[in-house]
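Scroll down for the structure; my scribbles are underneath it.
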Amino acid sequence: MKAVIQNEFGNADVLRFAVVDRPHIQEGEVLIRTAYTSVNYADIKKRNGAKGKGEFPMILGLDAGGTIEEAGRDSPFSVGDRVMAFPSAGSYAEYVKAKESLVFKIPDKLSFEKAAAMPTVSILSYLLIHEIGEVKEGDTVVVHSAGGGVGSMLVQMSKLAGAESVIATVGDLGKEEYVKELGADAVCTYDTFTDITTDKTDGRGADVIFDSVAGEVTGKSMDCLALYGTLVQFGNSSGKAGVFKTSDVHSSCRNVKGFSLGTTRKYRPERLWPVAEKVLELFSTEKVKLPIARVFDLRDAALAHQLVESRQYEGKVLLRV
């Protein structure tokens, strides 16, 4: 089958278009013929070695949309079923295998492009909003990196959850119009969000802050987090650890919560099924949207990675298989 592999850590140039063996499924798994897969920032980190050791040759990719090619006798899936999935060993490939617990049927009217773009960003965002951050009516919410895939979802879902005000941060104010179209009430840079949040809340601060950047942004977030507020930390795209002191939380009754979709996929996949149903409903009824920034052919995965690393895009970047 066709796939994109890497044999060493490095920049986008280590990605190679190749022909490799098709995966074989075991009990409890299905084989999916991939139509589209998405590029997530986690792929960049894994490619360059920031997510620990790798077994080479390695195939990147977290999610995919496609059609069931093989399934076990007692599987809840049948050949021909349209699905989105979290594959077991990468998704930059013509065929991928996935555990049945991480595969979700999609409605006929949902395109494979949207199905491939959705799983990581939409399921993660729903969990962050409703189970981790517990956004409620009237809240002021700060969403960092609002122009990316997860940020785009968090802005929209915060509004659907009843947030009164959503303050979005971006690295480039050229994305301001895009983020406001998604529902953000204010858009600012990482240099100004603390002052803007404090000002717009009359000094009270934000009720919930979603931080996937870490580094200095974490400390600045604590500076504008309200009493009893929650900082949700779910990534470190800056490449640096965020730092806060115990005194930042106990006397102010504030919370810092961490969450990893990767950890949840591995240890508690049962949490994802009901969430997948809810986000599929949101997309089917067009209550949320996920703009596709650009679609690359699979053989051009290196170019897709370069675009994601540049951060000069809005929404999701896909690979057409």
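As a basis for the values below, the full set of heavy atoms in this structure was taken, side chains included, without hydrogen atoms, waters or symmetry mates.
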Spatial distance of atom OG1 (Thr37) from atom CG (Leu318) [nearest 0.5 Å]: 8.0 Å
Audit row: Thr230, Glu134, side-chain hydrogen bond (donor to acceptor under 3.5 Å, both in side chains) steps and yes/no: CA-CA 9 Å; Thr230 299; Glu134 298 180 285; over 6 Å; no
Spatial distance of atom NZ (Lys105) from atom CG (Leu110) [nearest 0.5 Å]: 15.0 Å
Any donor-acceptor pair under 3.5 Å from Asp297 side chain to Asp300 backbone: no
Counterpart residues, salt bridge (charged side-chain N to carboxylate O under 4.0 Å, His left out), relative to Arg254 (two or more places apart): none
Set of residues satisfying side-chain hydrogen bond (donor to acceptor under 3.5 Å, both in side chains) with respect to Tyr95, sequence neighbours excluded: Arg33
Test side-chain hydrogen bond (donor to acceptor under 3.5 Å, both in side chains) applied to Ser212 - qualifying residues, sequence neighbours left out: none
Val288 and Leu160, any side-chain heavy atoms less than 4.5 Å apart: yes
Side-chain heavy atoms of Phe244 within contact of Ser221, under 4.5 Å: no
Over all atoms of both residues, closest heavy-atom pair of Ala293 and Val317: CB-CG2, 4.4 Å
Under the salt bridge (charged side-chain N to carboxylate O under 4.0 Å, His left out) test, residues paired with Arg271 that sit two or more places apart: Glu131
Euclidean distance, Glu164 CD relative to Lys136 NZ, rounded to 0.5 Å: 12.0 Å
Check: Thr218/Gln233 side-chain N/O donor and acceptor closer than 3.5 Å: no
Atom pair OG/NZ of Ser101 and Lys99 - distance to nearest 0.5 Å: 6.5 Å
Listed once per pair and sorted, the ring pair (Phe, Tyr, Trp, His ring centres under 6.0 Å) pairs that draw on residues 43-76, sequence neighbours left out: Phe9-Phe56
Spacing of OG belonging to Ser125 relative to CG belonging to Leu261, to within rounding of 0.5 Å: 9.5 Å
His305 and Tyr92 aromatic ring geometry - parallel, tilted or perpendicular at 30°/60° bounds: perpendicular
Crowding at CZ, Arg204 (>12 non-hydrogen neighbours, <6.0 Å): yes
Non-hydrogen atoms of Leu62 and Pro87 that approach each other most closely: O-CD, 3.3 Å
Phe193 and Tyr190 aromatic ring geometry - parallel, tilted or perpendicular at 30°/60° bounds: perpendicular
Non-neighbouring partners of Tyr36 that pass ring-ring contact (aromatic ring centres under 6.0 Å, His included), sequence neighbours left out: none
Short N-O contact, Lys159 and Asp185, less than 4.0 angstrom: yes
Pairs flagged by side chain to side chain donor-acceptor pair (under 3.5 Å) wherever residues 16-26 is involved - sequence neighbours left out: Arg22-Glu70
Salt bridge present between Lys46 and Asp43 (N-O < 4.0 angstrom): no
Results of side chain to side chain contact (heavy atoms under 4.5 Å, CB included) for Glu181 - residues two or more places apart only: Glu177
Charged N-O contact under 4.0 Å between Lys175 and Asp172: no
Lys200 NZ: over 12 foreign heavy atoms closer than 6.0 Å: no
For Phe86, ring-ring contact (aromatic ring centres under 6.0 Å, His included) partners two or more places apart: none
Pair Asn40, Ser38: side-chain N/O donor-acceptor within cut-off below 3.5 Å: yes
Worked check of salt bridge (Lys or Arg N to Asp or Glu O under 4.0 Å) between Asp248 and Lys245: CA-CA 5 Å; Asp248 290 334; Lys245 302 184 295 293; 3.8 Å; yes
Contacts of Phe296 that satisfy ring-ring contact (aromatic ring centres under 6.0 Å, His included) - sequence neighbours left out: none
All salt bridge (charged side-chain N to carboxylate O under 4.0 Å, His left out) counterparts of Glu176, not counting sequence neighbours: Lys180
Point-to-point distance, once rounded to the nearest 0.5 Å, from CG of Asp191 to CD of Glu216: 9.0 Å
Exam field: side chain Ser158 to backbone Ala163, donor-acceptor pair closer than 3.5 Å: no
Within 6.0 Å of CD in Glu270, more than 12 heavy atoms from elsewhere: yes
Any donor-acceptor N/O pair, Ser145 side chain to Gly148 backbone, under 3.5 Å: no
Pair Thr120-Asp63, side-chain donor/acceptor within less than 3.5 Å: yes
Side chains of Tyr228 and Asp207, donor plus acceptor under 3.5 Å: no
Other residues, nucleotides, ligands: >12 heavy atoms within 6.0 Å of Lys257 NZ: yes
Any donor-acceptor pair under 3.5 Å from Arg265 side chain to Leu102 backbone: no
Contacts of Thr192 that satisfy side-chain hydrogen bond (donor to acceptor under 3.5 Å, both in side chains) - sequence neighbours left out: Thr189
